[in-house]
Protein chains: 2
Amino acid sequence: MTTVSEPAPRTPKAEQTRRAIVDAAMRLFREGGYDRTTMRAIADEAGVSLGNAYYYFSSKEHLIQAYYGLVLEQHAAAASVVLAEETAFAARLRGVLSAWLDVAAPYQEFAGKFFKNAAEPSSPLSPFSPESAGPREESIALYRQVVEGSDLKVAKALREELPELLWLLQMGVVLFWVYDASEGQRRTRTLVDGVAPMVDRLARMTRLPVVRGVVDDLVGLLHTLRAG
Amino acid sequence: MTTVSEPAPRTPKAEQTRRAIVDAAMRLFREGGYDRTTMRAIADEAGVSLGNAYYYFSSKEHLIQAYYGLVLEQHAAAASVVLAEETAFAARLRGVLSAWLDVAAPYQEFAGKFFKNAAEPSSPLSPFSPESAGPREESIALYRQVVEGSDLKVAKALREELPELLWLLQMGVVLFWVYDASEGQRRTRTLVDGVAPMVDRLARMTRLPVVRGVVDDLVGLLHTLRAG
DNA sequence: GTCTATAGTGGGATAGAC
DNA sequence: GTCTATCCCACTATAGAC
């Protein structure tokens, strides 16, 4: 269950108002886009005053959180289907990444806005912030499943780091996707389809003696950074 | 020479005014932060009218772009010192990345705000935007020098792609740096010191027959993506 | 082409009464 | 929790000086 650190409203009435605002926002965002939708219009559409809208969402950007939580939830669901079906590592990785693209597709425009928010280090919405620790852990756990349920043989030192590295890979894919203006984000699909088998090959290669040295360096660096 | 696609001012007087505005903005941004610095205050500080400030910079964001251009300029200068001294690839890479950290250090806190605005795909500040094409090419050219002036032997197919990949690496380092709250951004230093020799080892490894397959896949993928 | 002065508008965000 | 009234500021418009 993904709750994105929005405080749970106390009374049923509050919940209802909150819902009305979120729904109105989603509707208007979809129709007219984020920038051209004003907080005043959202409040009107929801049948509340402007001030009241701000009582529930302390900024326009906070409304985007609603989308984010939705996507995370749906991604976990879609990914679990893939993970139940596939055992080959490359297929599992490709499937989970693709699932993200499927789920997030309708929200591509808002992803940009969300990124804008997330990019600020001090923001609680940042994927690296303490407030995001829960959702982040969930995503990493997803990639732990990708590895553990698979046929992948990989250098032992790397195996424990892999889920977090794959999560980072997803962040990279998402970044690419956010900037992908091709129709249907076709280019990101190409990226995922190409990257998954490549990561598979690379990962298996880590057991070769020549390559293992670099892997040890990498793992060592990760540990140092985590400590520091 | 870094011209950030801002139209080059024709007269010396114009250049002077432009400079005054940028300088004032940088000063105020550093003192009070981006959000709390108004365009009026910038215009006042620069001794020009508000309208004149907008004559030179069509939005507040465009001012940041000018700042970014300054950092790029200084980076190019600092990097050229390193490139004149070192021939070993790892040292050149580490030096150029470190030079960026040196140059950008005074602005680290401000960089968060910058990133917030740059992260949005539609923003002209985005490193992938058409407006940033010039600076982007210059940065990539810097990494072309890193490769070409070095002792690096690398799979031929990869050699041409390497500058752009190294530029991407820098983007990653910058991202890490923006989030790095350790004093003096010590952790990012550690990252750079660790990553440079690792990239060196990896790059040399690409000539091994086992590894070359993956490299070809990578290069193929890059070409596909670029075409698409 | 460079610059000033002034007077807007729109919309995000807030204060404080109820 | 909800409102109304208001603030603030990015940005625009205009008209005119040199």
Side-chain angles (χ1 to χ4, degrees), chain A residues 6-25 28-29 31-66 110 112-114 116-117 120 122-125, chain B residues 6-26 28-29 31-67 113-114 116-118 120 122-125 131:
Chain A
E6 203 72 41
R10 334 241 167 272
T11 76
K13 186 187 173 194
E15 170 59 16
Q16 197 181 359
T17 307
R18 212 189 114 82
R19 246 345 252 234
I21 296 169
V22 173
D23 290 349
L28 294 180
F29 284 164
E31 283 166 17
Y34 178 83
D35 285 333
R36 287 196 308 281
T37 301
T38 70
M39 284 298 280
R40 283 170 174 82
I42 293 169
D44 278 359
E45 178 86 3
V48 300
S49 72
L50 177 63
N52 201 16
Y54 273 101
Y55 176 81
Y56 285 98
F57 297 93
S58 47
S59 81
K60 190 177 173 184
E61 286 175 346
H62 273 75
L63 276 167
I64 302 169
Q65 267 183 325
F110 305 103
K113 306 298 176 186
F114 183 80
K116 176 176 176 163
N117 211 302
E120 196 181 356
S122 59
S123 165
L125 282 93
Chain B
E6 205 74 40
R10 333 240 167 275
T11 75
K13 187 184 172 195
E15 169 60 16
Q16 197 181 0
T17 306
R18 210 189 113 84
R19 245 347 244 242
I21 296 169
V22 174
D23 289 349
M26 291 318 123
L28 293 179
F29 284 163
E31 284 167 16
Y34 177 79
D35 288 332
R36 286 197 308 282
T37 301
T38 70
M39 284 297 280
R40 280 174 172 81
I42 293 169
D44 278 359
E45 178 85 3
V48 301
S49 69
L50 178 63
N52 202 16
Y54 275 102
Y55 176 81
Y56 284 98
F57 299 93
S58 48
S59 80
K60 195 176 171 183
E61 284 199 346
H62 276 79
L63 269 170
I64 307 180
Q65 207 175 0
Y67 149 77
K113 299 292 179 191
F114 171 77
K116 175 178 176 147
N117 291 282
E120 200 183 349
S122 58
S123 165
L125 288 178
E131 287 92 337

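Since we're looking at a predicted model, the values are computed, not measured. Chain identifiers are assigned alphabetically (A, B, ...) following the order of the sequence lines, protein sequences preceding nucleic acid strands; residue numbering begins at 1 within each chain.
For B:Glu61, the side chain to side chain donor-acceptor pair (under 3.5 Å) criterion is met by B:Ser123, not counting sequence neighbours. Under the rule for a salt bridge (Lys or Arg N to Asp or Glu O under 4.0 Å), A:Arg40 has no partner lying at least two apart in sequence or in another chain. A search for side-chain contact (heavy atoms from CB on, under 4.5 Å) contacts involving B:Thr17 returns B:Ile21, B:Val48, B:Asn52, B:Tyr56, not counting sequence neighbours. Applying the salt bridge (Lys or Arg N to Asp or Glu O under 4.0 Å) rule to B:Glu120 yields the partners A:Lys113, A:Lys116; only residues at least two apart in sequence or on another chain are considered. Partners of B:Ser59 under the side chain to side chain donor-acceptor pair (under 3.5 Å) rule, at least two apart in sequence or in another chain, are B:His62. Residues passing the side-chain contact (heavy atoms from CB on, under 4.5 Å) test with A:Val22 are A:Met26, A:Phe57, A:Ala66, sequence neighbours excluded.
For the OP1/OP2 pair of C:dC3 and a distance below 4.0 Å, the side-chain nitrogens and oxygens of B:Tyr55 include no atom meeting the criterion. Between B:Lys13 and the phosphate of C:dT2, there is no side-chain N or O to OP1/OP2 separation shorter than 4.0 Å. Under 4.0 angstrom from either OP1 or OP2 of D:dA13 there lies no side-chain N or O belonging to B:Tyr54. In terms of phosphate contacts, B:Asn52 brings no side-chain nitrogen or oxygen within less than 4.0 Å of OP1 or OP2 of C:dT2. The side chain of A:Thr17 places an N or O atom within less than 4.0 Å of a non-bridging phosphate oxygen (OP1 or OP2) of D:dT2.
Contacts between residues 19-26 of chain B and DNA chain D, counted as heavy-atom distances below 4.0 Å, involve no residue at all.
In this structure the side chain of B:Tyr67 never reaches within 4.5 angstrom of the side chain of B:Leu63, judged on heavy atoms.
Nucleotide D:dC3 holds its C1' atom 13 Å from the OH atom of A:Tyr56, rounded to whole Å. For the pair B:His62 NE2 and D:dC11 C1', the computed distance is 13 Å after rounding to whole Å. Regarding B:Arg36, its CZ atom lies at a distance of 17 Å from the C1' atom of D:dA10, rounded to whole Å. Rounded to whole Å, the distance from CG on B:Asp44 to P on C:dT4 is 11 Å. Atom CD in A:Glu61 sits roughly 17 Å away from atom P in C:dG11 (whole-Å rounding). A:Phe57 places its CZ atom 15 Å from the P atom of C:dT14, with the value rounded to the nearest Å.
Residues in residues 43-60 of chain A take part in these salt bridge (charged side-chain N to carboxylate O under 4.0 Å, His left out) pairs, two or more places apart or across chains: A:Arg27-A:Glu45.
B:Arg36 CZ to B:Leu28 CG: the interatomic distance, rounded to the nearest 0.5 Å, is 11.5 Å.
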Taking only nitrogen or oxygen atoms into account, show me every contact under 3.5 Å that the protein makes with nucleotides 7-10 of chain C, one pair per line with its distance.
| residue | atom | partner | partner atom | Å |
| --- | --- | --- | --- | --- |
| C:dG8 | O6 | B:Arg40 | NH2 | 3.1 |

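Taking every side-chain heavy atom of A:Ser59 into account, C:dA13 is the closest of D:dG1, D:dT12, C:dA13. Closest to the A:Met39 side chain, of the nucleotides D:dA10, C:dC3, C:dG12, is C:dG12.
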